[in-house]
Asks: 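For reference, the structure I am asking about is given below.
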Protein chains: 2
Amino acid sequence: MPQKQEYLSKNQQIVLSIIEKAKGPLKAYSILYNVQKKGIKAPLQVYRALEKLIEIGKIHKIESKNAFIACKNSDCEISKATAFSICNNCEHVKEIKNSKLSKYLSNFEDNSGMKYKKYNLEFFGLCRDCKLKQ
Amino acid sequence: MPQKQEYLSKNQQIVLSIIEKAKGPLKAYSILYNVQKKGIKAPLQVYRALEKLIEIGKIHKIESKNAFIACKNSDCEISKATAFSICNNCEHVKEIKNSKLSKYLSNFEDNSGMKYKKYNLEFFGLCRDCKLKQ
DNA sequence: ATAACAGTGTAATAATATAACAAATATTGT
DNA sequence: ACAATATTTGTTATATTATTACACTGTTAT
Ligand SMILES: [Zn+2]
Ligand SMILES: [Zn+2]
Ligand SMILES: [Zn+2]
Ligand SMILES: [Zn+2]
């Protein structure tokens with residue numbers, strides 16, 4: 001099985017490394033502020049890197065937050081099938097790695113018999129810590 | 001079982017009626033342009049109405065498109081559990097009404113045993129029409 | 001070499017969403 | 001009816017998120 005080519009350009013490496021170091025999802029402009037000392041000056045440079053990183057599955061976009069998080073699952077089929085849990089209180093976000101869930105959704109057929117190549121699922125609730133504190 | 005109070009204010013009615021008439025999801029500023037003749041002049045008036053309509057489950061936000069669509073399911077528990085199919089080609093969006101799916105997701109427990117009150121799922125693929133045309 | 005392609009830099013601008021404040025209207029309790 | 005409370009509205013300004021347009025650089029393939 002040939003590996004997908006994953007050479008990263010300079011800007012892509014810079015952006016990825018910021019996102020990987022972060023504890024949670026980062027917003028595009030917060031990434032921008034964080035990398036200005038490294039020569040990336042404009043939003044577009046960040047957005048272009050983000051686009052590529054999403055395409056190759058290194059990061060995902062949390063749509064409900066307009067924020068970006070590093071992929072922790074080696075088997076996220078190039079970002080085609082993603083699921084996240086999001087805490088409503090502390091905003092903690094975690095990628096869900098659950099093969100039953102991903103099989104269920106990948107094989108899901110809607111009422112007209114249609115299947116889907118790609119999905120994104122976002123769960124909202126209280127994380128364990130926040131639940132205990134209540 | 002007491003009914004939830006769903007009296008709508010003037011602006012809320014105007015915005016809802018535009019969204020219900022639309023064939024697909026509408027963007028906030030396109031709603032704004034459509035209602036300017038009816039006295040709504042500023043984005044905030046639209047966003048406030050949208051917020052309320054989402055809260056009471058009359059409409060949903062399609063997060064990946066920043067667009068808003070009327071709810072077609074009478075039993076979307078006040079927008080706590082939503083699923084959509086989105087065509088990558090023609091942008092057609094349809095709310096998925098499938099009780100097996102909603103039960104599965106509402107009862108889903110992640111690896112740490114956590115359950116979630118709310119979720120949003122977006123499926124992407126080609127709709128029937130676009131598949132045939134290919 | 002030269003065409004094709006992916007990436008870069010920069011400026012300008014578009015699109016989406018919220019903050020802050022003052023006023024009007026509706027709802028509730030007495 | 002009246003005051004107290006909560007909700008909705010109107011308006012201006014501003015914040016946040018994302019894309020267009022254009023000129024340029026470097027690498028790869030034939
Ligand atoms: Zn992933
Ligand atoms: Zn939390
Ligand atoms: Zn619905
Ligand atoms: Zn289609």
Side-chain angles (χ1 to χ4, degrees), chain A residues 2 4-19 22 24-69 78 86 91 93 120 122, chain B residues 2-19 22 24-69 78 91 93 120 122:
Chain A
K4 185 170 175 63
Q5 167 62 302
E6 284 182 11
Y7 162 80
L8 295 180
S9 76
K10 195 187 74 180
N11 287 357
Q12 290 158 10
Q13 281 172 35
I14 293 170
V15 170
L16 177 57
S17 121
I18 294 284
I19 296 177
L26 292 181
K27 304 217 153 202
Y29 276 72
S30 118
I31 294 168
L32 177 58
Y33 300 137
N34 274 290
V35 298
Q36 282 184 327
K37 52 206 158 206
K38 296 196 177 138
I40 293 182
K41 285 172 188 159
L44 187 48
Q45 295 172 286
V46 172
Y47 280 104
R48 287 198 281 224
L50 291 171
E51 184 183 31
K52 186 56 179 279
L53 293 168
I54 288 171
E55 196 183 308
I56 64 177
K58 289 286 192 187
I59 66 171
H60 303 302
K61 181 172 185 182
I62 310 296
E63 293 286 357
S64 62
K65 293 191 165 304
N66 296 318
F68 305 86
I69 194 171
I78 317 295
I86 301 171
E91 312 247 300
V93 174
N120 179 54
E122 298 181 5
Chain B
Q3 278 295 107
K4 184 170 176 67
Q5 167 63 301
E6 284 182 12
Y7 162 79
L8 295 181
S9 75
K10 194 187 73 183
N11 288 357
Q12 290 158 11
Q13 281 172 36
I14 293 170
V15 169
L16 177 58
S17 120
I18 293 283
I19 296 177
L26 292 181
K27 304 217 153 203
Y29 277 72
S30 117
I31 294 168
L32 178 57
Y33 300 137
N34 273 291
V35 298
Q36 283 185 326
K37 52 207 157 208
K38 296 194 177 139
I40 292 181
K41 286 173 190 161
L44 190 47
Q45 294 171 288
V46 172
Y47 280 105
R48 285 198 282 225
L50 290 172
E51 184 183 33
K52 186 57 178 279
L53 293 169
I54 289 171
E55 196 182 308
I56 64 178
K58 289 287 193 189
I59 65 170
H60 304 301
K61 181 172 185 182
I62 310 296
E63 293 286 356
S64 63
K65 293 191 166 302
N66 297 319
F68 304 86
I69 193 171
I78 317 295
E91 311 248 300
V93 174
N120 179 54
E122 299 181 7

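Per chain, numbering begins at 1; letters A, B, ... match sequence-line order. Note that these values count all heavy atoms, side chains included, but never hydrogens, waters or copies made by symmetry. Just so we're clear, the structure is a prediction, and the values are computed from it rather than from any experiment.
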Asks: Could you tell me how far apart L32(B) (CG) and dT18(C) (P) are, to the nearest whole angstrom?
Replies: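 My rounded result for the distance is 15 Å.
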Asks: What nucleic acid atoms does K65(A) come within less than 4.0 Å of, heavy atoms only: base, sugar-phosphate, or nothing?
Replies: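 Answer is nothing: K65(A) stays at 4.0 Å or more from every strand.
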Asks: Considering only heavy atoms from C-beta outward, does the side chain of I56(B) approach that of L8(B) to under 4.5 Å?
Replies: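 Yes, close enough: below the 4.5 Å cut-off.
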Asks: Using heavy-atom distances to pick each residue's nearest nucleotide on DNA chain D, tell me which of N11(B) and P43(B) is more 5'.
Replies: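 Upstream on the strand: N11(B).
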Asks: Is the shortest side-chain N/O distance from K27(B) to OP1 or OP2 of dT16(C) below 4.0 Å?
Replies: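 Answer yes for this pair, as a side-chain N or O of K27(B) is under 4.0 Å from OP1 or OP2.
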Asks: Think Q45(B) has a side-chain N or O under 4.0 angstrom from the OP1 or OP2 of dT9(D)?
Replies: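 The answer is no; no side-chain N or O of Q45(B) sits under 4.0 Å from OP1 or OP2.
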Asks: Would you mind telling me which residue lines up with the more 5' stretch of DNA chain C, K61(B) or R48(B), judged by nearest nucleotide?
Replies: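 Going by which nucleotide is closer to the 5' end, it is K61(B).
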Asks: Take the protein atom NZ of K10(A) and the nucleotide atom P of dG26(D), then report the distance between them rounded to whole Å.
Replies: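 Rounded to the whole Å, the gap is 11 Å.
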Asks: Taking atom types as modelled, is there a side-chain donor on S64(A) or E63(B) under 3.5 Å from an acceptor on the other?
Replies: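 Checked: S64(A)/E63(B) side chains show no N/O donor-acceptor pair below 3.5 Å.
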Asks: For the pair made of CG in L8(B) and P in dA26(C), what is the distance, rounded to whole Å?
Replies: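 Atom CG in L8(B) sits about 15 Å away from atom P in dA26(C).
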Asks: Nearest whole Å is fine: how far is dT16(D) C1' from Y47(B) OH?
Replies: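 Nearest whole value for this atom pair: 11 Å.
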Asks: Heavy-atom nearest nucleotide on DNA chain D for N66(B) versus Y29(B): which residue maps closer to 5'?
Replies: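 That would be Y29(B).
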Asks: Can you name the one residue among L26(A), V15(A), I19(A) that meets side chain to side chain contact (heavy atoms under 4.5 Å, CB included) with I59(A)?
Replies: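 Among L26(A), V15(A), I19(A), the one meeting side chain to side chain contact (heavy atoms under 4.5 Å, CB included) with I59(A) is I19(A).
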Asks: Check this for me: does any side-chain nitrogen of one of K65(A) and E122(A) sit under 4.0 Å from a carboxylate oxygen of the other?
Replies: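 So K65(A) does not pair with E122(A) through a salt bridge.
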Asks: Could you tell me how far apart L16(B) (CG) and dT8(D) (C1') are, to the nearest whole angstrom?
Replies: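 Atom CG in L16(B) sits about 17 Å away from atom C1' in dT8(D).
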Asks: Could you tell me how far apart E51(A) (CD) and dT20(D) (P) are, to the nearest whole angstrom?
Replies: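 The answer, rounded to whole Å, is 10 Å.
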Asks: Could you check how far NZ of K52(B) sits from C1' of dT8(D), rounded to whole Å?
Replies: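 Taking NZ of K52(B) and C1' of dT8(D), I get 9 Å after rounding.
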Asks: Between dT10(C), dT9(D), dT11(D), spot the one nearest the side chain of L44(A), thanks.
Replies: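 Among dT10(C), dT9(D), dT11(D), the one nearest the side chain of L44(A) is dT10(C).
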Asks: Got a sec: does the CD of E51(B) have more than 12 other heavy atoms crowding it under 6.0 Å?
Replies: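 Result for CD/E51(B): open.
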Asks: Answer yes or no: does a side-chain N or O of S9(B) lie under 4.0 Å from OP1 or OP2 of dT7(D)?
Replies: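 The answer is no; no side-chain N or O of S9(B) sits under 4.0 Å from OP1 or OP2.
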